[in-house]
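Inspection log for the structure reproduced underneath, given as C-alpha cells.
When reading the values below, keep in mind they use all heavy atoms of this one structure, side chains included, and skip hydrogens, waters and symmetry mates.
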Amino acid sequence: MKTWWKKSMPNSGIAQQKLPIRPIFAKASPEQDATLRQVIQVYGRQRLRQQLKQLHLELLADPAMAKTWDKIRVLFPHDTIN
Amino acid sequence: MDANTLTQLLRQDREKAFRQLYPLCFPGIAKMLQRMGGTYEDARDIFHDSLIVLFEKAVADTLPDVANPKAYLTGIARHLWLRKKEQQQPLLPLENAEHIIPVPSDFYNPGRAVLRTVRFLTLAGKKCMELLEAFYYAQTPLAEISRQFGYANTRSATVQKFKCLEKIREQVKSKNIQYENLVEEIHA
C-alpha cells in the first residue's frame, strides 16, 4: 500500500510525513483516494490559516501579550501592527 | 516544553498549543525574518504557516525528538521563508538550511486545480468538509468529533462521515466530472 502512495505523489513531500494510508473511498483507486486526501489537506490548511488569523487578532487585544507586541513594534516601526 | 509534550498538546488541543507558542516563538521568528528583509505581514504569515507545518508533523507523528521546539519552529520558518523567496526569485540560491528540516514541497503550490476542487467541494457541503477535515487532516478521534459536531455517539459520526463521502461522490457525478479528469488536472 505504501508503494502506490509514494509512487503516485513523487514530488509532493507528503510521503515524508508518514500520513496514515487508511483509504477514504473504499472502492476508489489509490490515485483517486490520494486526490481526495490532497484536497482535504488543502482545505484543512486553509481553515487553519483562518483560525490562526482569528487567534492573532484575539492575542493583539490581550493585555497579557502587551510585551510581545511591544517587541514587534520595535522591530517593525514603519508597519501597522494588526 | 519538550517535543513529546508539544506533540500531545498539538494533537489534543491545538489552539492551546498555539497560544503557548505565540509569546514564546513569534518575537524571535519576527526578528529573524526582519533581518532577512521581511515585513511585519511576512513575519505574521510565515509564523502561521510554520505553526501549520508543526501541527501536521505532530499529527503525522513525525515531529523529531528535538531538545528545543522553539529552535525547531524557527528552523521551519526560515525554511518556508527561503522557499517563498526562491519562488519569487527563482535564481536566488537556497542555503543549506533548506535541506535540514523537511517541509512539504507542495506547501505553497497546491495547484489551481486543487484549489478549484476545494471550492467546488466546499459548495457541496461546508459541514461535510469540516467533518472530513477533522477526521482525515487533523486526525481528531471520533469521540471528540462526535462532541464537536454534536452527534449522539461515535457510530453516528461514522455514519455521517460515510454520508459525506457519498455526497461528494454524488456531486462529482451530478456535475458530470470524471474523477480521472480531476486527478489529471490536479497532478498536471
Among A:V74, A:L48, A:D79, which residue forms the greatest number of heavy-atom pairs with chain B at distances under 4.5 Å?
->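 Option with the greatest count: A:L48.
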
Top contributor to chain B contacts, counting heavy-atom pairs under 4.5 Å, from A:L52, A:I72, A:L55 |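 Looking at each of A:L52, A:I72, A:L55 in turn, A:L52 comes out on top.
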
Is [X] close to chain A through its backbone or its side chain, or both, or neither, when contacts mean heavy atoms under 4.5 Å?
X	value
B:A138	neither
B:F55	side chain
B:R44	side chain

Is any side-chain heavy atom of B:Y136 less than 4.5 Å from a side-chain heavy atom of A:Q41?
->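 Side-chain contact under 4.5 Å: no.
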
Flag the one option from B:E15, B:R35, B:R14 with the top tally of heavy-atom pairs under 4.5 Å to chain A.
->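 Heavy-atom pair counts peak at B:R14.
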
Option in B:A134, B:A43, B:P23 with maximal non-hydrogen atom pairs under 4.5 Å from chain A |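 Heavy-atom pair counts peak at B:P23.
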
With only heavy atoms counted, which part of [X] is less than 4.5 Å from chain B, the side chain, the backbone, both or neither?
X	answer
A:L59	side chain
A:K67	neither
A:N82	both

Would B:E130 and B:K127 pass as an ion pair if we require N to O under 4.0 Å?
->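 No salt bridge links B:E130 with B:K127.
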
Does B:R11 come within less than 4.0 Å of B:E144, counting only side-chain N to carboxylate O?
->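 No.
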
For the residue pair B:Y22 and B:F47, does the interplanar ring angle fall in the parallel (under 30°), tilted (30 to 60°) or perpendicular (over 60°) class?
->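 Ring orientation, 0 to 90° scale: perpendicular.
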
Could you please spell out the steps behind the ring-ring contact (aromatic ring centres under 6.0 Å, His included) verdict for B:Y40 and A:H78?
-> CA-CA 9 Å; B:Y40 163 70; A:H78 305 298; over 10 Å; no

In terms of heavy-atom contacts, does CD of B:Q148 have more than 12 from other residues, nucleotides or ligands at under 6.0 Å?
->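 Yes.
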
Value rounded to 0.5 Å, distance of CD in B:Q34 from OG1 in B:T39 =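 Taking CD in B:Q34 and OG1 in B:T39, the distance rounds to 10.5 Å.
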
